[in-house]
Asker: 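The following block contains the structure, expressed as structure tokens.
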Amino acid sequence: MNFYDAHILPRAINLVCGFGALRPSRDRACEGLHGRVLELGFGTGHNVASYPDTVTWVDAVEPSDVCWKLAHDRVSASPTHIERSGLDGQQLPFDDDTFDCALSTYTLCTIPDLSAALAEVKRVMKPGGEMHFLEHGLAPDEDVRRWQHRLDPIQRRVAGGCHLNRDIPKALTDAGFVIEDLERFYQPKTMKAGNAMSFGIARPA
């Protein structure tokens, strides 16, 4: 990993993902989480403040040492036990049927082998478990999609492999999840190509 990806990008992501305008969406994504939760792509811990009291334990999957270091104060201040328990969403170090819920925000856009990661999430979730997701990806409007396809190579280069044009709901369905309460919207006051959002809850079929 080069110096930019290892040291500069995590700090930039910490700033961008910490915008206060994202808090209501994070709150909604975390609403209803309970029991033991797998957070895929923990980042610098911007979801911690949104965990409800019904969450008893969080296993944080985060490959970046710098992100985990930047999350220290948020993790330490949380009443919920949070443990860094994995580095790669494509190979989760947990037994089958471990988690009551899973959480992914602004993460599925970047994982290199998304189908492998979703298969792993499905494996470690209990029957009837809930995967809460808040992700940007392929826009519903064709004119925005055209810009996404044009800009995607640049986005992947400067944002650590992040894709603008992944169809997250389709990826979840293809992985064997059933999506409930799907909402698609554009994050207000932002460039549509980078902020075509999908929010919902998916359950293993």
Side-chain angles (χ1 to χ4, degrees), residues 4-5 8-33 39-47 50 61-64 67 89-90 102-119 121-122 130-203 205:
Y4 171 79
D5 286 339
I8 304 300
L9 186 58
R11 291 174 169 84
I13 291 173
N14 181 47
L15 290 174
V16 172
C17 289
F19 287 158
L22 301 179
R23 176 56 52 200
S25 295
R26 291 186 184 278
D27 290 344
R28 289 192 65 202
C30 293
E31 185 178 350
L33 291 173
E39 183 163 357
L40 196 65
F42 184 80
T44 58
H46 285 295
N47 287 326
S50 298
V61 177
E62 177 48 55
S64 169
C67 280
Q90 300 158 143
L103 172 66
S104 177
T105 61
Y106 306 99
T107 296
L108 301 183
C109 56
T110 302
I111 296 174
D113 190 341
L114 181 56
S115 60
L118 292 176
V121 173
K122 185 181 178 186
E130 300 177 355
M131 180 175 179
H132 296 222
F133 63 94
L134 173 68
E135 300 287 346
H136 76 86
L138 192 66
D141 302 305
E142 183 58 37
D143 57 337
V144 180
R145 290 186 186 190
R146 284 196 292 269
W147 276 107
Q148 288 181 318
H149 297 321
R150 291 169 186 157
L151 296 172
D152 192 65
I154 300 171
Q155 172 79 1
R156 284 187 280 117
R157 182 178 294 273
V158 302
C162 170
H163 292 259
L164 290 175
N165 55 0
R166 276 189 172 170
D167 190 337
I168 301 301
K170 183 178 185 300
L172 284 162
T173 301
D174 289 347
F177 287 87
V178 176
I179 299 176
E180 303 175 353
D181 304 322
L182 176 65
E183 294 183 24
R184 308 188 80 164
F185 61 95
Y186 294 106
Q187 193 72 41
K189 300 180 181 179
T190 58
M191 183 181 71
K192 287 186 175 181
N195 288 280
M197 306 300 299
S198 295
F199 163 77
I201 297 174
R203 297 181 188 271

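Bear in mind the structure is a predicted one, so any value in this text is a computation, not a measurement.
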Asker: Could you pull out all residues at least two apart from Thr190 that satisfy side chain to side chain contact (heavy atoms under 4.5 Å, CB included)?
Answerer: Gln187, Asn195

Asker: Listed by chain and number, what are the side-chain hydrogen bond (donor to acceptor under 3.5 Å, both in side chains) partners of Ser115, not counting sequence neighbours?
Answerer: Asp113

Asker: Do you know which of Thr110, Leu108, Leu114, Leu138 makes side-chain contact (heavy atoms from CB on, under 4.5 Å) with Arg166?
Answerer: Leu114

Asker: Rounded to the nearest 0.5 Å, how far apart are CZ of Arg145 and CZ of Arg150?
Answerer: 14.5 Å

Asker: Once you round to the nearest 0.5 Å, how far does CD1 of Ile201 lie from NE2 of His132?
Answerer: 4.0 Å

Asker: Which heavy atom of Val144 sits nearest to which heavy atom of Tyr186, and what is that distance?
Answerer: CG2-OH, 3.6 Å

Asker: Run the side chain to side chain contact (heavy atoms under 4.5 Å, CB included) test against Ala117 and tell me which residues pass, sequence neighbours left out.
Answerer: Gln90, Ile111

Asker: Under 3.5 Å, which donor-acceptor pairs link side chains of residues 174-182 to any protein atom two or more places apart or in another chain?
Answerer:
residue, atom, partner, partner atom, Å
Asp174, OD2, Lys170, NZ, 2.8
Glu180, OE1, Arg203, NE, 3.3
Glu180, OE2, Arg203, NE, 2.9

Asker: Return the CZ to CZ distance between Phe199 and Arg184, rounded to the nearest 0.5 Å.
Answerer: 14.0 Å

Asker: How long is the straight-line distance from CE of Met191 back to CD of Gln148, given to the nearest 0.5 Å?
Answerer: 8.5 Å

Asker: Walk me through it: do Cys162 and His136 pass the test side-chain contact (heavy atoms from CB on, under 4.5 Å)?
Answerer: CA-CA 10 Å; Cys162 170; His136 76 86; 3.3 Å; yes

Asker: Less than 3.5 Å apart, which donor and acceptor atoms pair up between the side chains of residues 151-161 and the rest of the protein, not counting sequence neighbours?
Answerer:
residue, atom, partner, partner atom, Å
Asp152, OD1, Leu164, N, 2.7
Asp152, OD2, Arg156, NE, 2.8

Asker: Decide yes or no for Glu130 and Leu33: does some side-chain heavy atom of the first lie under 4.5 Å from some side-chain heavy atom of the second?
Answerer: no

Asker: Output the distance between atom CH2 (Trp147) and atom NZ (Lys192), rounded to the nearest 0.5 Å.
Answerer: 14.0 Å

Asker: Tell me, do Val61 and Phe42 make a side-chain contact under 4.5 Å, heavy atoms counted?
Answerer: no

Asker: Please find the pair of heavy atoms, one from Cys109 and one from Glu135, that lie closest to each other, and give the distance.
Answerer: N-OE1, 4.0 Å

Asker: Compile the donor-acceptor pairs under 3.5 Å between side chains in residues 13-30 and protein atoms, sequence neighbours left out, one pair per line.
Answerer:
residue, atom, partner, partner atom, Å
Asn14, OD1, Thr44, OG1, 2.7
Asn14, OD1, His46, NE2, 3.0
Arg23, NH1, His46, O, 3.1
Arg23, NH1, Ser50, OG, 2.6
Arg23, NH2, His46, O, 2.8
Arg26, NH1, Asn47, OD1, 2.8
Arg26, NH1, Thr105, OG1, 3.4
Arg26, NH2, Cys17, O, 3.0
Asp27, OD1, Ser50, OG, 2.5
Arg28, NH1, Glu183, OE1, 3.2
Arg28, NH2, Glu183, OE2, 2.7

Asker: For the atom pair CD1 (Ile168) and CZ (Phe133), what is the distance rounded to the nearest 0.5 Å?
Answerer: 9.0 Å

Asker: Can you check whether Thr107 reaches Glu39 side chain to side chain, under 4.5 Å on heavy atoms?
Answerer: no

